[in-house]
Amino acid sequence: MYDAPNPATEVGQQDIKITAKDVQVYYADTHAIKNVNVDIVDRAVTAFIGPSGCGKSTFLRCINRMNDTIDICRVEGDIRIDGDDIYDKRVDPVQLRAKVGMVFQKPNPFPKSIYDNVAYGPRIHGLAKNKADLDIIVERALRRAAIWDEVKDRLTAPGTGLSGGQQQRLCIARAIATEPEVLLMDEPCSALDPIATAQVEELIDELRRDYTVVIVTHSMQQAARVSQKTAFFHLGDLVEYGDTEQIFTNPKDERTERYVTGRIG
Amino acid sequence: MPVFWLVMIVLAIAIGGYILGRGRALAGAGGDSRHLHSLPNYYGSNVAIKAVAPAFLLMIVWLIAQPIFVSSQVAGDLPDGIVADGSSMSLVMAEVRRTAEGINAAVASGAMSPEMASSGRADISDFTTRLQDAGQIVTATITQPILNAAQSYRAMNATGNLLMTGLVLLLALGGTVWGLRESYPEFRARNVVEASVRALLIAAASIAILTTIGIVLSLIFNTIEFFRIYPASDFFGSMTWSPSFQGNSQLGIWPLLWGTLYISIIALLVAVPIGLFAAIYLSEYASKNVRAFAKPAIEVLAGIPTIVYGLFALLTVGPLLMGVFGNDGLGWMQSGTAVMTAGLVMGIMLIPFVSSLSDDIINAVPQAMRDGSYGLGATKSETIRQVVLPAALPGIVGAILLAASRAIGETMIVVLGAGAAARLSLNPFDAMTTVTAKIVSQLTGDSDFASPEALVAFALGMTLFIITLGLNVFALYIVRKYREQYE
């Protein structure tokens, strides 16, 4: 990825990065995702909102095939990134996940040093030729996750010793160290206090210059603040998808309106 | 009165006190339990506790003190010179006790009248015949001093028992009255019951700790006794183990310690990789159905008695190894019993210890760790090697050290599988023996407990104890060190 700023990030004039067609997800006998069709725009933040259990996290996990690690989960339909079917038999899900990074609900740094946390992905995928190279990758990832200044003096300290907000930014640094194209975030601020949340939100806004960001959130304010596109899920259906401003000010579907105005949830 | 009946009576008093106390408290509150400080049952329990606790405490102390007191009294009354050469006071007292018990049994079966049993002028030969007729084992002829001692022993015990019964019953009744007087509505019976529960739990914990201390002290005193008659420098300095019951034994610990460590190391080399890999397979790779079957199946190994493993070593593994490494094969092995035989079988025994504990520990690693790693594009084995195992390491080290303690303390497999020759050798196909196996062989048979050949068992046990204690402390240290780093 490149550090060059990319100011042209207005919604509507970008390429489509991810396309999903008729996606169905089943957990054993439960039909968790029904017929979802969505086009996710490159270099923008797309927010998935909806009440708990509506399937937004499940759908997010389809995009990097994390659902493969759950035995009882079955995915049908067609999801393409840059036109390539990610559920094709020739696609290695492990390889795919290096390209589609993920940040989880609860900060989950490994029980290793801050440096080793960030270097984990690059080491696994052989992205660095030597130690000096790895140092550069780690520093760049930490800088881009806006945490470098706070941790540069204690890179050998355990990542688990950081505060919650720092841990989450460390996890974001860890995810972008493998140079993904898409960054999936599953309620990244739900375990954080308001100040840490503001820092992470600022970071997400920064990240859309270089990445396609998809974020699942329970906070409608957060969706309104950070995203350009919003998708509203309800009971496994994608009810409405459009520009964030339109979803929050002028929703087309009655259910969306009731949700964003706080009458169902 | 037999102790059993005494206990029953005290319990009956307690039950009666419970019912009375409960009723009295209720009556004091006008039949409405809402006016009581505590639930009615607590008032009943208060009475029952006050009836039982002091009575039983007295009974326990009495039962411990009485034999000591009576024995010392009787021993003091025995005339000088009763202790013959080559004998000891404890032997004479044992005979007194045996005689007294014989008289008791004879009286109980009707072979002797109570008057005759306690008569001071009884005819000794008649006495002996009657005892023998009653089927009691006594020495050919009971001497007069022994008979007198036995009679006073009986008499003192009888008075003691009578006194104890009376006092215990009195205390139980007194406690009941005390508790009943407290059964008025304002009394905080619930707090009394709470305090008694606490006391009971403390007592249970103390018994466990005191027993440990007692065992350690007995080990220490006997070890000191051993080093008084056998120089410690020889015990820790000599490279030969050749006990002989005629004296002049060479009791160097090194051959035994070497055998113990050698066999344990082989056992761990077998058990740790297999157990750990099995645990990883079960917790990370196996499907639910396989796991449901395989985990209990592996744990069955832990339920097999070690003597069965010993038979397996002696009859199956030993001959099998002989076929390959024996004189028909490579020629390294002289007989089926060898370090390798015992080590392999012990390793199999230890697999479930390592696997079961490690499996639990690996399962306890949060799923978020694995998700994080998978989310970065790591494969399963990369995730396990770089994230799951480091996070689980302290626990796994604990499991391995626990297995090591088991290996060092194991006896039956060694007795049957490793042979009995104490030797220092590097060849794993030689027969060797371990500290535990030698403790068994030193204490079985007719050895005099005061000889160094028998007392050495305590020094050996002490050494083993210190080694396992050291292992446990080391395990704690490792666990703590990593915990600090990870949390």
Side-chain angles (χ1 to χ4, degrees), chain A residues 60-61 63-72 92-113 116-127 141 156-161 167 170-180 183-186 191, chain B residues 276 280-295 358-399 477-487:
Chain A
L60 190 77
R61 291 165 65 95
I63 300 173
N64 70 345
R65 293 186 61 176
M66 273 302 271
N67 286 331
D68 290 17
T69 59
I70 300 167
D71 292 334
I72 56 166
D92 177 7
V94 169
Q95 229 39 55
L96 171 77
R97 287 182 206 133
K99 214 169 92 173
V100 184
M102 187 157 192
V103 177
F104 296 85
Q105 189 168 357
K106 243 183 102 199
N108 58 347
F110 300 134
K112 298 170 182 289
S113 72
D116 287 339
N117 262 284
V118 181
Y120 185 81
R123 275 185 181 142
I124 281 179
H125 300 293
L127 300 181
T156 52
T160 43
Q167 286 190 10
L170 175 63
C171 292
I172 292 172
R174 189 175 71 184
I176 56 188
T178 51
E179 314 208 355
L183 211 48
L184 307 177
M185 299 189 168
D186 190 355
Chain B
L276 197 54
I280 291 172
Y281 171 72
L282 283 181
S283 59
E284 300 285 327
Y285 287 89
S287 72
K288 237 183 184 167
N289 294 334
V290 173
R291 190 183 150 84
F293 162 77
K295 197 170 151 79
S358 303
D359 178 60
D360 291 344
I361 290 152
I362 290 171
N363 269 328
V365 173
Q367 183 61 30
M369 291 289 139
R370 299 186 184 94
D371 282 348
S373 178
Y374 294 146
L376 291 169
T379 61
K380 219 161 197 177
S381 76
E382 283 166 346
T383 302
I384 291 163
R385 252 183 299 137
Q386 305 199 22
V387 176
V388 176
L389 286 188
L393 190 67
I396 291 172
V397 169
Y477 166 75
I478 294 266
V479 169
R480 287 235 176 94
K481 188 178 162 203
Y482 279 91
R483 201 172 267 165
E484 271 165 20
Q485 200 178 327
Y486 286 151
E487 276 167 19

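Lettering of chains follows the sequences in order, A, B, ..., and the numbering in each one begins at 1.
Here the CG-CG distance, from B:D359 to B:L276, works out to 10.5 Å after rounding to the nearest 0.5 Å. For the atom pair B:D360 CG and B:I396 CD1, the distance stands at 11.5 Å (nearest 0.5 Å). Rounded to the nearest 0.5 angstrom, A:R97 CZ and A:T69 OG1 are separated by 6.0 Å. Taking SG from A:C171 and CD from A:Q167, the interatomic distance works out to 7.0 Å, rounded to the nearest 0.5 Å.
Judged as a salt bridge (charged side-chain N to carboxylate O under 4.0 Å, His left out), and not counting sequence neighbours, A:K106 has no contacts. Under the rule for a ring-ring contact (aromatic ring centres under 6.0 Å, His included), B:Y374 has no partner lying at least two apart in sequence or in another chain.
At a 4.5 Å heavy-atom cutoff, the contact between A:Y120 and chain B is made by side-chain atoms alone. In this structure, the portion of A:P109 lying under 4.5 Å from any heavy atom of chain B is its backbone and not its side chain. At a 4.5 Å heavy-atom cutoff, the contact between A:V100 and chain B is made by backbone atoms alone.
Identified by a heavy-atom distance below 4.5 Å to chain A, contributing residues of residues 282-289 of chain B are lacking entirely.
Residue with the most contacts toward chain B among A:R123, A:Q105, A:M66, A:Q95: A:M66 (heavy-atom pairs, distance under 4.5 Å).
Contacts classified as salt bridge (Lys or Arg N to Asp or Glu O under 4.0 Å) and involving residues 371-398 of chain B (residues at least two apart or in different chains) are not found.
Although no hydrogens or angles enter the test, the distance criterion places no donor-acceptor pair under 3.5 Å between the side chain of A:R174 and the main chain of A:G121.
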